[in-house]
Novice: 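Pasting a structure here, questions to come.
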Amino acid sequence: MTAVAAPLLSVRNLTISFPGDSGRVPVVEDLSFDIARGETLALIGESGSGKSITALALMRLVPKPGLIEAQSRISFAGRDVLGMSVPEIRAFRGADIAMIFQEPMTSLNPVVTVGAQVMEAIRLHEPVTQRDARARALEMFELVGIPEPRSRLDAYPHQLSGGLKQRVMIAMALAMRPKLLLADEPTTALDATIRAQVLAVIRDVAARTGTAVLIITHDFGVVNEVADRVAVMYAGSIIEEGTRHELLRAPRHPYTQGLLRSIPRPEARGDRLEEIKGVVPRPGHWPQGCRFHTRCPHVFDRCRSERPQRYSVSATQGAWCHLLDPQERGR
């Protein structure tokens with residue numbers, strides 16, 4: 001019997017809360033997922049579903065007064081992330097796990113050259129000389145495909161296009177050769193050509209280095225470009241998961257189906273786009289039962305009172321929907 005390799009990242013019962021009018025309010029609740037070594041997992045959903053705060057929790061960067069609740073478990077290569085001391089978590093960030101944030105202009109220091117910023121990140125974690133750090137930064141710029149990389153090391157952020165700034169952020173994140181790269185909406189505000197180039201960089205670098213990737217997105221186009229597996233989030237929870245091919249070809253949850261129907265298609269030129277009526281409910285105002293029932297076209301009484309369990313569709317695909325309960329077939 002072949003042994004199943006332990007996941008690189010294992011998240012169990014992750015619950016993140018913030019103070020509300022009547023006590024603490026969860027913004028992510030009982031979230032569980034794994035990422036294998038070298039795998040790219042896409043976490044997809046509308047704004048307000050809890051994707052970005054989940055990524056911050058993996059690095060212990062949830063802003064105060066946010067709190068990761070006691071039942072939460074995050075394990076990385078067998079290490080308890082939530083039990084790490086302050087020095088341990090500082091060493092963990094960058095060396096084991098690194099993040100590309102949504103907006104590179106707010107993440108880069110405008111008065112320091114981009115090369116110096118990458119070098120600083122390297123020297124923060126490794127006792128290397130300035131010369132060696134510059135050589136590593138140059139290597140990273142070449143790896144992510146920055147044109148004229150040697151001269152770009154001495155450029156300031158305002159001298160670079162949005163796409164080049166995003167490549168600098170990827171280079172900085174990869175400089176310590178992390179095992180897991182978190183990419184939070186890495187193509188926001190980029191035009192279609194630059195967006196495709198940035199996604200190609202992430203895909204190609206991950207393939208060449210063996211780095212696992214968690215990509216946060218609201219765009220199934222991004223999923224189709226880079227993901228191996230997909231987890232769909234809604235109102236603080238995962239409601240469907242599976243391989244990219246399974247979710248793009250045969251989504252089983254009404255929310256995932258609605259997201260895919262709302263994508264513009266060239267062959268449907270002139271047709272009105274379908275939409276998911278309503279909005280994601282706010283934390284503290286999540287409906288009882290299935291949290292999607294207030295927007296679901298297939299809602300029935302059980303959905304309003306009972307939270308669904310996970311129903312397996314295949315060995316790799318599952319969805320949290322009462323419609324998949326064998327007892328409800330025929331609805």
Side-chain angles (χ1 to χ4, degrees), residues 8-9 35 38-45 47 50-63 76 90 92-110 112 114-122 124-125 136-137 139-146 149 152 155 157 160-191 194-219 221-223 225-228 230-231:
L8 174 66
L9 177 77
I35 300 178
E39 177 183 49
T40 296
L41 173 69
L43 202 55
I44 188 168
S47 296
K51 307 183 303 297
S52 293
I53 197 71
T54 296
L56 291 174
L58 302 182
M59 298 183 73
R60 293 255 304 268
L61 288 174
V62 172
F76 186 92
R90 284 176 178 164
F92 173 69
R93 297 179 194 136
D96 290 302
I97 186 170
M99 189 165 184
I100 309 167
F101 293 93
Q102 280 191 34
E103 179 46 66
M105 201 61 232
T106 59
S107 302
L108 292 170
N109 189 330
V112 179
V114 292
Q117 293 183 61
V118 176
M119 291 160 60
E120 180 183 10
I122 294 168
L124 184 65
H125 291 277
R136 173 86 68 81
E139 177 189 346
M140 292 298 104
F141 276 29
E142 291 170 341
L143 181 68
V144 301
I146 293 177
R152 298 287 189 189
L160 303 179
S161 67
L164 284 180
K165 284 195 284 280
Q166 195 60 286
R167 290 185 190 224
V168 169
M169 292 301 300
I170 298 170
M172 189 181 299
L174 292 171
M176 297 307 303
R177 304 182 179 95
K179 299 179 182 69
L180 175 62
L181 178 66
L182 310 179
D184 187 4
E185 299 280 7
T187 57
T188 298
L190 299 179
D191 65 39
I194 302 302
R195 168 186 173 280
Q197 292 173 358
V198 168
L199 291 175
V201 167
I202 293 174
R203 182 182 62 241
D204 295 346
V205 167
R208 277 189 280 166
T209 62
T211 302
V213 179
L214 174 64
I215 190 160
I216 308 293
T217 184
H218 63 275
D219 184 350
V222 172
V223 169
E225 289 286 336
V226 300
D228 298 313
V230 188

Novice: Counting N and O atoms only, with roles assigned by atom type, does the side chain of Gln166 sit under 3.5 Å from a partner on the main chain of Val198, one being a donor and the other an acceptor?
Specialist: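 No; judged by distance alone, with no hydrogens or angles, the pair does not exist.
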Novice: Which atom pair, heavy atoms only, marks the closest approach of Ile53 to Pro63?
Specialist: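 So the two residues come closest at CD1-CD, 3.8 Å.
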Novice: Counting N and O atoms only, with roles assigned by atom type, does the side chain of Gln117 sit under 3.5 Å from a partner on the main chain of Asn109, one being a donor and the other an acceptor?
Specialist: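 Yes; judged by distance alone, with no hydrogens or angles, the pair exists.
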Novice: Any side-chain heavy-atom pair from Arg203 and Val213 closer than 4.5 angstrom?
Specialist: no
Novice: Look only at the side chain of His125 and the backbone of Phe92, and say whether a donor-acceptor pair between them is shorter than 3.5 Å.
Specialist: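 Judged by distance alone, no pair lies under 3.5 Å.
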Novice: Take Leu9 and Lys179 through the side chain to side chain contact (heavy atoms under 4.5 Å, CB included) test and state the conclusion after the steps.
Specialist: CA-CA 10 Å; Leu9 177 77; Lys179 299 179 182 69; over 6 Å; no
Novice: Would a distance-only check, ignoring hydrogens and angles, find a side-chain to backbone donor-acceptor pair under 3.5 Å from Arg136 to Met119?
Specialist: no
Novice: Side chain to side chain contact (heavy atoms under 4.5 Å, CB included) for Lys165 and Leu108? Distances and angles first, verdict last.
Specialist: CA-CA 8 Å; Lys165 284 195 284 280; Leu108 292 170; 4.2 Å; yes
Novice: If you compare all heavy atoms of Arg167 against all heavy atoms of Val201, which two are closest, and at what distance to 0.1 Å?
Specialist: NH1-CG2, 3.7 Å
Novice: Rounded at 0.5 Å granularity, tell me how far CD1 in Ile170 sits from CG in Leu181.
Specialist: 7.5 Å
Novice: Check whether any side-chain heavy atom of Thr54 sits under 4.5 Å from a side-chain heavy atom of Leu43, and report yes or no.
Specialist: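 Yes, their side chains come closer than 4.5 Å.
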Novice: Is there side-chain contact between Met172 and Met140, with at least one heavy-atom pair below 4.5 Å?
Specialist: no
Novice: So, do Leu182 and Ile216 sit near enough that their side-chain heavy atoms are less than 4.5 Å apart?
Specialist: no
Novice: When you measure from the side chain of Lys51 to the backbone of Gly45, do you find a donor-acceptor pair of N or O atoms at a distance under 3.5 Å?
Specialist: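 Yes, Lys51 side chain to Gly45 backbone: donor-acceptor pair under 3.5 Å.
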Novice: I'd like to know whether Ile100 forms a side chain to side chain contact (heavy atoms under 4.5 Å, CB included) with Asp184, so could you lay out the CA-CA distance, the side-chain angles of the two residues, the decisive distance to 0.1 Å, and finally the verdict.
Specialist: CA-CA 6 Å; Ile100 309 167; Asp184 187 4; over 6 Å; no
Novice: Would you indicate whether Gln197, at its atom CD, is surrounded by more than 12 heavy atoms from other residues, nucleotides or ligands within a distance under 6.0 Å?
Specialist: yes
Novice: Looking only at non-hydrogen atoms, find the nearest pair between Ala212 and Gly38 and report the distance.
Specialist: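 That closest heavy-atom pairing would be CB-N, 3.7 Å.
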Novice: Taking all heavy atoms of Pro178 and all of Gly94, pick out the closest pair and write down the distance.
Specialist: CB-O, 3.7 Å
Novice: So which heavy atom on Asp96 is nearest to which on Phe76, and how close?
Specialist: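 Heavy atoms of Asp96 and Phe76 come nearest at O-CZ, 3.4 Å.
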Novice: Check the pair Arg195, Asp219 against salt bridge (Lys or Arg N to Asp or Glu O under 4.0 Å), reporting the backbone distance first and the verdict last.
Specialist: CA-CA 12 Å; Arg195 168 186 173 280; Asp219 184 350; 3.2 Å; yes
Novice: Report the C-alpha distance between Val230 and Leu41 in whole Å, list the side-chain angles of each, state the deciding distance to 0.1 Å, and finish with yes or no for side chain to side chain contact (heavy atoms under 4.5 Å, CB included).
Specialist: CA-CA 6 Å; Val230 188; Leu41 173 69; 5.6 Å; no
Novice: Identify the heavy atoms of Ala137 and Val118 that sit nearest to each other, and give their distance.
Specialist: CB-CG1, 3.8 Å
Novice: Regarding Arg177 and Glu139, does a basic nitrogen lie under 4.0 Å from an acidic carboxylate oxygen?
Specialist: yes
Novice: Nearest 0.5 Å, what's the CZ-CG distance between Arg93 and Leu61?
Specialist: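 So the gap between those two atoms works out to 4.0 Å.
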Novice: Is the closest side-chain heavy-atom distance between Leu180 and Thr211 below 4.5 Å?
Specialist: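 A side-chain contact under 4.5 Å is absent here.
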Novice: Quick one: does any side-chain atom of Asp228 pair with a main-chain N or O of Thr40 as donor and acceptor, under 3.5 Å?
Specialist: yes
Novice: Is the shortest side-chain heavy-atom distance between Ile194 and Ser161 below 4.5 Å?
Specialist: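 They are not in contact (no side-chain heavy atoms under 4.5 Å apart), so the answer is no.
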Novice: Taking the side chain as every heavy atom from C-beta outward, state whether Ser107 and Met169 have any pair of such atoms under 4.5 Å apart.
Specialist: yes
